[in-house]
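Following: one structure in structure tokens, then a few remarks.
Sequential numbering from 1 along the given sequence is applied to the chain's residues.
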Amino acid sequence: MSRLLLILILSTLLSFVAQAKDVKLKWKPIPGAKKYKIQISNTDTFEKTIFEKTLETNQHLKDLKSGIYYLRVQAIDANNIYGTWSSPFKLVVTAPIKPIESEAKPESIGMEQVQTQWSAPQEAAPKYLVKVIKDGKEIETKQTSDPQIDFKPKSKGHYEVKVQAAFENYFGPPVTVKKYVVNERTPIKNLNSQKTVAFNWEPVKNAKKYKIELFKTNSRSPASNNKPYMVIETEDPKAALGKLPPGQYVASVSTDTLTPVTEYSFDIKKEKPVEFEKVDLKFHYNVRSIDYYTRVHEAGKSSSTNTVGGEFGFEANMQLSNSAFGLRVEGAWGNLLIEQQLISFNELKFSASYKWSIAREFYNTEITPFFGARAWSMPIVIRSGGSSDNNLQVLAPTFAGPILGFDVLHPLSSKWALFSRFQVSMPLTHSNLTNDGLNSPLEPTVNGKVELGVKYALKNNYRLFAMLGMQGDHFRYYTSNGAQGNNSSGETTAEISSTNASVGLEVTDGAGEFSNLESPKFEKFSEFDLSMRYLLSPMSYRAYLAEVAQSSQGGGGNGAQANPRFDGAFSGNIELETRGYFPGSKHGMRLMAGWGGYTYNNLTISYPEYFAQWAYRFNLDQSKAFRFNNYFGFRSWQVPIVTIDNSPQGQHFFSHNPQLLGLAETFEVTYALSSSWKLKLSAELSVPILATNRDSVVDKIKPEYMSYRADFNIIKSFSNDLSMGAAIGYKADRLNYVPLNSFNNISSTAELSAPLVGVFGVYSF
């Protein structure tokens with residue numbers, strides 16, 4: 001009996017692969033055997049067993065973890081005589097695999113890429129063997145370490161995805177994790193939220209009724225456990241779904257005799273004139289080797305030097321949906337070392353662009369012309385006396401004017417590309433307007449910039465770039481005491497020419513490679529608001545010059561009148577603001593640029609300000625009527641320092657506009673009176689951290705004084721996209737600074753305050 005038992009066991013127990021948990025062990029029954037003894041070990045020598053048991057049947061259910069085991073069986077007859085042990089049987093136990101869905105229902109999909117997932121076991125498998133079967137025939141096999149695969153059906157049919165878990169080089173039994181029914185979907189194009197969705201299909205023989213199930217899904221594949229967005233039954237082979245909200249849809253048509261008959265896929269877009277399809281961001285650091293020159297002819301004063309500078313910059317390119325047009329925003333912040341003084345400068349550009357591609361079999365180039373407006377600061381450094389006098393005066397007006405240029409991108413391979421840029425700009429106005437010689441119009445001059453560089457594509461959406469270029473900024477104006485064009489003694493000129501070298505990182509909206517210049521979409525702002533407001537205010541200006549008060553007691557000073565106050569000034573301000581929130585998120589961004597000015601006693605002073613803040617919003621007390629928005633980030637603005645020189649020739653005003661950079665936080669509470677009327681209360685605080693454009697007045701600033709602004713708004717919505725409103729409020733910009741050559745580090749203050757009245761419009765994309 002022993003020999004017979006051994007032969008029978010050897011013919012049955014060779015090797016086997018099973019899944020973990022309850023493993024069923026079974027062998028052929030042996031004639032004459034009344035009992036069986038089974039042993040399980042981790043080695044084929046059975047020096048140490050992990051399980052041993054005597055059974056009265058030829059099978060046993062054992063809970064085993066994934067691993068490699070060896071087992072053997074010994075028969076026992078009615079006289080309790082033991083037979084010979086069988087040869088070791090190798091058992092490989094793999095991790096258990098289960099479908100994510102409890103019922104393996106076929107899912108209806110179209111011929112697009114789909115993702116199939118299965119539940120990852122607690123004892124994770126090192127890899128899985130996946131087989132895609134179509135109509136009973138295996139068409140694709142692949143191995144993966146993740147519990148999911150992507151595949152794209154190429155034709156209609158019934159598909160089945162089977163997965164086997166691995167342990168070392170052994171694969172467990174196949175488990176069906178998903179079934180699909182693939183049909184050719186008919187696309188419906190050019191739909192938006194204002195168009196009625198309707199379609200028809202070929203009649204089905206003997207069909208008395210049709211059922212249309214509409215699924216709204218981002219994956220464009222209605223999962224079997226997803227509830228339909230809409231269900232319609234009709235006796236005619238046509239359907240009218242009406243107007244639908246924006247989103248991605250799949251419509252499945254079925255009958256009681258055939259499921260599905262056909263399917264349709266379509267996108268509903270919000271009807272709006274502007275939609276950004278892609279957004280590219282660039283960040284760079286630029287080193288400049290600079291030749292600087294300035295000259296005031298009437299005073300015989302001049303300054304020139306060779307120096308270096310550096311700047312940080314960013315660029316955002318936003319491409320409009322289904323269009324070659326786009327928008328571009330550029331900014332830079334840097335420093336120049338001129339006459340042993342560290343002078344900061346900034347630059348901001350807004351422009352519209354047009355992307356033009358030239359594609360040939362072996363040639364692919366992208367040319368992007370752009371046109372817009374540029375605002376930038378440029379220092380004027382002059383000596384107050386002779387060439388040996390070290391007493392310097394520094395002005396850094398902010399200029400504004402149009403800009404025109406174009407970019408060229410030429411790929412050399414999928415990783416490398418050449419890039420070049422050419423631009424020209426013209427200053428038309430500036431911010432430091434005074435009655436002492438800067439209030440005359442600028443003479444038209446052309447500023448230029450040329451750059452050439454290379455870009456290298458990294459993984460995912462990133463590119464590195466390096467650039468070399470040349471840039472020239474200069475302006476020329478005539479003082480109020482000279483006849484423009486006729487009296488050169490009233491002329492002032494300033495020039496900055498530089499050689500630039502920059503490196504940076506570009507984050508593209510799509511693949512970073514250059515093999516295809518048309519990049520795919522990726523997640524963008526789900527909400528994007530653009531608002532413009534105009535504010536009017538009678539202003540009050542006051543400055544307390546501490547060093548002047550000290551000089552009246554026998555000290556020195558700058559000769560300015562103490563405590564100047566102007567209560568009859570008048571101001572106007574234009575603000576352009578954008579806000580965007582990420583899809584399904586409470587977070588977003590806020591950017592604001594403003595340009596204003598005030599006039600007093602024939603003195604006009606203009607000042608820019610910029611905000612860049614991170615946004616966060618939520619509903620108060622789970623109420624949709626109250627909404628709270630918080631914005632935190634940076635603000636750059638100017639607080640003018642006006643001094644009065646009571647010289648024998650008459651009273652002269654001087655305006656010094658240091659550019660401030662600091663932290664800013666904005667709070668907003670909005671209450672919806674109805675679907676079309678809203679009330680909004682906002683408060684804004686900002687504190688300066690550092691001052692740029694430091695000149696002969698400002699030595700350093702102190703952050704003791706905060707600037708603030710509060711306003712109340714009433715808003716009327718005319719549609720889902722357009723709103724208008726009116727605002728009333730109060731604003732105070734305050735600066736506490738230490739003047740140059742002050743006594744005992746005594747600080748001075750300047751404050752610009754005003755009530756605000758304005759109107760604004762908001763357009764939501």
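- Judged purely by atom type and a 3.5 angstrom limit, Tyr264 uses its side chain to pair as donor or acceptor with the backbone of Asn200.
- Each side chain to side chain donor-acceptor pair (under 3.5 Å) pair with one or both residues in residues 44-55, not counting sequence neighbours, appears once here: Lys37-Glu52, Gln39-Glu52, Thr43-Thr45.
- Put simply, the side chain of Ile76 does not reach to within 4.5 Å of the side chain of Ile81, judged on heavy atoms.
- At a threshold of 4.5 Å between non-hydrogen side-chain atoms, the residues Glu366 and Pro411 do not count as touching.
- When all heavy atoms of Ser252 and Glu263 are compared, the pair lying nearest together is OG-OE2, 3.6 Å.
- A distance of 6.0 Å or more separates the ring centres of Tyr229 and Phe215.
- Looking only at side-chain heavy atoms (C-beta outward), Phe266 and Val197 come within less than 4.5 Å of each other.
- Remark: the Asn317 side chain and the Gln319 side chain contain no N/O donor-acceptor pair separated by less than 3.5 Å.
- Heavy atoms only, all atoms of each residue included: Met467 and Gly453 are closest at SD-CA, 3.7 Å.
- Not less than 6.0 angstrom separates the ring centroid of Phe46 from the ring centroid of Trp85.
- Contact detail for Tyr128 and Ala165: the closest heavy-atom pair is CD2-CA, 4.1 Å.
- Classification of Lys131 and Glu140 as a salt-bridged pair fails, no side-chain N sitting under 4.0 Å from a carboxylate O.
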Would Lys455 and Glu506 count as a salt bridge (Lys or Arg N to Asp or Glu O under 4.0 Å) here? Give the steps.
CA-CA 9 Å; Lys455 294 186 177 183; Glu506 182 177 13; 3.0 Å; yes
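- Between the CG atom in Leu91 and the CD1 atom in Ile68 there is a gap of 9.5 Å [rounded to 0.5 Å].
- Note: Tyr456 and Trp416 meet the aromatic proximity criterion, with ring centroids under 6.0 Å apart.
- For the pair Lys238 and Phe199, the cation-pi test (distance below 6.0 Å, angle within 45°) is failed.
- Cation-pi geometry between Lys90 and Tyr70 is not met: the NZ or CZ atom fails to fall both under 6.0 Å from the ring centre and inside 45° of the normal.
- By the 4.5 Å heavy-atom criterion applied to side chains, Lys28 and Asn58 are not counted as neighbours.
- Relative to the ring axis of Phe419, Lys282 places its NZ or CZ within 45° and under 6.0 Å from the centre.
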After noting the C-alpha distance and the side-chain angles of Leu244 and Met230, does the key distance pass the side chain to side chain contact (heavy atoms under 4.5 Å, CB included) rule?
CA-CA 11 Å; Leu244 298 174; Met230 180 188 300; 3.9 Å; yes
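- Counting only heavy atoms from C-beta outward, the side chains of Tyr462 and Val507 approach each other to under 4.5 Å.
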Derivation and outcome, side chain to side chain contact (heavy atoms under 4.5 Å, CB included), residues Ile212 and Val231:
CA-CA 6 Å; Ile212 301 97; Val231 178; over 6 Å; no
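- If you take OG on Ser420 and CG on Asp407, they are separated by 7.5 Å, rounding to the nearest 0.5 Å.
- The shortest heavy-atom contact between Phe628 and Asn630 is CE2-CB, 3.7 Å.
- The shortest side-chain heavy-atom distance between Trp118 and Val130 falls under the 4.5 Å cut-off.
- Between Tyr36 and Trp27, the ring center distance clears the sub-6.0 Å criterion.
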From CA spacing to verdict: side chain to side chain contact (heavy atoms under 4.5 Å, CB included), Leu25, Ile38
CA-CA 10 Å; Leu25 306 175; Ile38 182 174; 3.9 Å; yes
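- If you take CG on Leu129 and OG1 on Thr144, they are separated by 11.0 Å, rounding to the nearest 0.5 Å.
- Between Lys34 and Glu56, the closest side-chain pair of non-hydrogen atoms is not below 4.5 Å.
- Scanning all heavy atoms of the two residues, the minimum distance from Trp201 to Ala239 falls at CZ3-N, 3.8 Å.
- Counting all heavy atoms, side chain and backbone alike, Asp236 lies closest to Tyr210 at O-CD1, 3.8 Å.
- The number of heavy-atom neighbours closer than 6.0 Å to NZ of Lys35, taken from other residues, nucleotides and ligands shown, is 12 or below.
- Taking 4.5 Å as the limit, every side-chain heavy atom of Thr365 sits out of range of all side-chain heavy atoms of Leu409.
- Atom CZ of Phe283 sits about 8.0 Å away from atom CG of Leu505, to the nearest 0.5 Å.
- Interatomic distance, Ile268 CD1 to Ile188 CD1, rounded to the nearest 0.5 Å: 8.5 Å.
- The backbone N or O of Gly32 sits nowhere less than 3.5 Å from a side-chain atom of Asp77 that would complete a donor-acceptor pair.
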Apply side chain to side chain contact (heavy atoms under 4.5 Å, CB included) to residues Val163 and Thr116 and explain how you reach the verdict.
CA-CA 11 Å; Val163 181; Thr116 304; over 6 Å; no
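- Taken to the nearest 0.5 Å, the CZ atom of Arg72 stands 10.5 Å off from the OG atom of Ser87.
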